[in-house]
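Here the structure comes first, spelled out in structure tokens, and everything after it is commentary.
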Amino acid sequence: MTENVWTRWPSREALGRTGTTRPRRLLVRAVRLLLLAVLLWGAFHQRQVGLGGGLAAAAAILLAGLVSWAFYRTTYEHRLLPSLALMGMLLGIAVAAEATGFRGPALVIWCGCGVGALERLPLGAAVPVAAVALASYSAFTNDVWLTTAATVVGLALAGYAMRLDAEARGSAQRLLAQERAARAAEAESAALAERARIAREIHDVLAHSLSAQLVHLEAARLLIESGADRDRILERVVAARGMARDGLAETRQALSALRGELTPLEEFLAELVSTAGGAEVTVTGERRPLPAEASQAVRRVAQEALTNVRKHAQGAKVTVRLDYGEHEVTLNVRDSGGEAGDLNGSGGGYGLLGMRERAELLGGSLDAGPDEEGFVVTLKVPV
């Protein structure tokens with residue numbers, strides 16, 4: 001619902017000093033000092049005014065200054081009745097000054113009340129107050145009617161122009177505050193996203209490393225139960241220890257990747273398949289650097305797929321194909337099938353599910369399932 005323009009207060013940002021430049025503040029102070037000087041000059045240069053009368057007039061001017069300051073505070077707090085009461089006191093001081101012969105100070109106060117009311121009060125209250133103040137000025141000034149009319153119109157326009165200028169400044173302050181809040185929210189969102197990304201990377205590394213260790217430890221358990229010789233058992237234990245060491249190295253690599261320190265994807269895949277017997281890598285398309293998230297997804301899927309081959313298709317021939325398309329990169333890991341062995345049930349079975357979730361977060365897809373010979377994992381990530 002639109003607020004009534006006649007009852008709407010100028011915003012606090014418009015009534016406050018925030019956003020005003022230093023030259024503007026100095027100009028406002030200079031104008032106030034000039035008005036004070038005019039009032040004091042008018043008080044001490046009236047005819048037939050002694051020292052006592054001049055001091056009384058100066059006290060009245062000081063009171064008017066204090067009332068004006070209070071008026072600025074109550075209008076900033078949007079308190080209408082106290083603001084109108086203070087404005088009435090200022091008009092009363094001007095009437096008293098006129099009645100005691102201090103016409104100059106009275107005229108200045110009436111002009112100030114008219115301008116201040118139009119600048120700081122709701123229009124529904126500002127227009128009547130300004131009308132009374134400027135009418136009082138018109139009634140007691142000694143200028144000709146044309147000069148008086150021009151002065152009154154000029155003061156009214158000046159007060160309203162100051163109001164519009166203050167509102168524009170207040171709107172700029174609100175927009176600036178909203179922009180800062182939006183930037184803070186964006187930075188917080190980016191920080192949360194980065195934390196989630198780090199957590200996902202560490203989770204995937206540990207899941208892969210622990211799954212591989214579990215494969216070898218499960219093999220060692222089965223060898224112990226079957227009464228195998230010590231060397232075969234020791235081989236599995238040493239392999240599990242190597243997987244733990246590799247897991248720490250991969251964790252460091254993941255953190256480096258998050259800092260943008262990624263090794264080329266082709267080199268990573270070549271090194272990965274070199275540890276898996278019977279695997280080969282084929283790269284097609286125009287090679288180019290990938291975004292960190294896409295590159296990490298390809299690496300993790302390749303690791304998980306080769307781990308599953310070791311678990312479920314021992315001795316299978318594995319082909320890894322990486323294709324750089326125009327708008328996406330495709331990873332295909334295919335095995336020829338092999339003996340499942342006794343480790344088929346080891347591990348939790350959540351690796352590919354996690355990889356599928358990672359791919360979907362990037363707007364891609366992951367398909368995994370058997371084909372005519374063995375098992376195929378296909379990852380597609382937009383780039």
Side-chain angles (χ1 to χ4, degrees), residues 198-258 261-263 265 267-281 295-320 331 333-358 366 368 374-377 379:
I198 292 174
R200 188 167 60 250
E201 291 294 340
I202 300 304
H203 168 270
D204 290 344
V205 169
L206 293 179
H208 167 74
S209 175
L210 293 176
S211 177
Q213 292 177 56
L214 183 60
V215 170
H216 292 287
L217 291 176
E218 181 70 10
R221 183 187 67 81
L222 294 174
L223 290 173
I224 292 173
E225 291 179 352
S226 63
D229 57 60
R230 178 178 178 276
D231 291 338
R232 293 181 61 190
I233 298 173
L234 182 61
E235 178 183 357
R236 290 295 185 175
V237 174
V238 171
R241 185 187 66 176
M243 288 295 176
R245 183 174 58 249
D246 293 342
L248 291 176
E250 289 178 10
T251 301
R252 297 189 186 96
Q253 183 185 27
L255 294 176
S256 297
L258 292 173
E261 302 171 0
L262 284 168
T263 58
L265 184 56
E267 295 181 11
F268 174 83
L269 293 177
E271 182 179 353
L272 182 64
V273 300
S274 66
T275 61
E280 60 181 26
V281 178
S295 179
Q296 284 296 93
V298 173
R299 294 164 195 255
R300 295 289 167 255
V301 169
Q303 287 178 324
E304 183 65 29
L306 291 177
T307 298
N308 287 339
V309 170
R310 287 196 295 267
K311 290 166 58 176
H312 307 299
Q314 298 177 12
K317 180 180 179 181
V318 182
T319 58
V320 179
L331 174 71
V333 181
R334 182 187 303 270
D335 66 69
S336 60
E339 183 180 356
D342 297 327
L343 301 179
N344 187 45
S346 63
Y350 297 106
L352 290 178
L353 177 60
M355 294 301 99
R356 181 175 289 109
E357 292 175 352
R358 174 192 284 265
L366 185 141
F375 198 84
V376 180
V377 176
L379 169 70

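For the pair Arg299 and Leu265, the minimum side-chain heavy-atom distance is below 4.5 Å. Here the side chains of Val333 and Val301 are not in contact, with every heavy-atom distance at 4.5 Å or above.
Every residue meeting the salt bridge (Lys or Arg N to Asp or Glu O under 4.0 Å) condition with Arg221, not counting sequence neighbours, appears here in chain and number order: Glu218, Glu225. For Ala239, the side chain to side chain contact (heavy atoms under 4.5 Å, CB included) criterion is met by His216, not counting sequence neighbours.
Taking CZ from Arg300 and OG from Ser295, the interatomic distance works out to 9.5 Å, rounded to the nearest 0.5 Å. Considering CZ of Arg236 and CG of Leu222, their distance stands at 9.5 Å, rounded to 0.5 Å. Here the straight-line distance linking atom CG of Leu223 with atom CZ of Arg230 works out to 13.5 Å at 0.5 Å rounding. In this structure, CG in Asn308 is found 12.0 Å from CD in Gln303, a value given to the nearest 0.5 Å. Here the CD1-CD1 distance, from Ile224 to Ile233, works out to 4.5 Å after rounding to the nearest 0.5 Å.
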Given Leu217 and Val215, is the side chain to side chain contact (heavy atoms under 4.5 Å, CB included) satisfied, shown in steps?
-> CA-CA 6 Å; Leu217 291 176; Val215 170; over 6 Å; no
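Proximity of a side-chain donor or acceptor of Arg356 to a complementary backbone N or O of Leu366 within less than 3.5 Å is detected. In this structure, the side chain of Asp335 does not engage the main chain of Val318 through any donor-acceptor pair within 3.5 Å.
Looking at every heavy atom in both residues, Ala220 comes nearest to Val237 through CB-CG2, 4.3 Å. Leu331 and Leu269 make their closest contact through CD1-CD1, 4.5 Å (heavy atoms, listed as atom of the first residue, atom of the second, distance).
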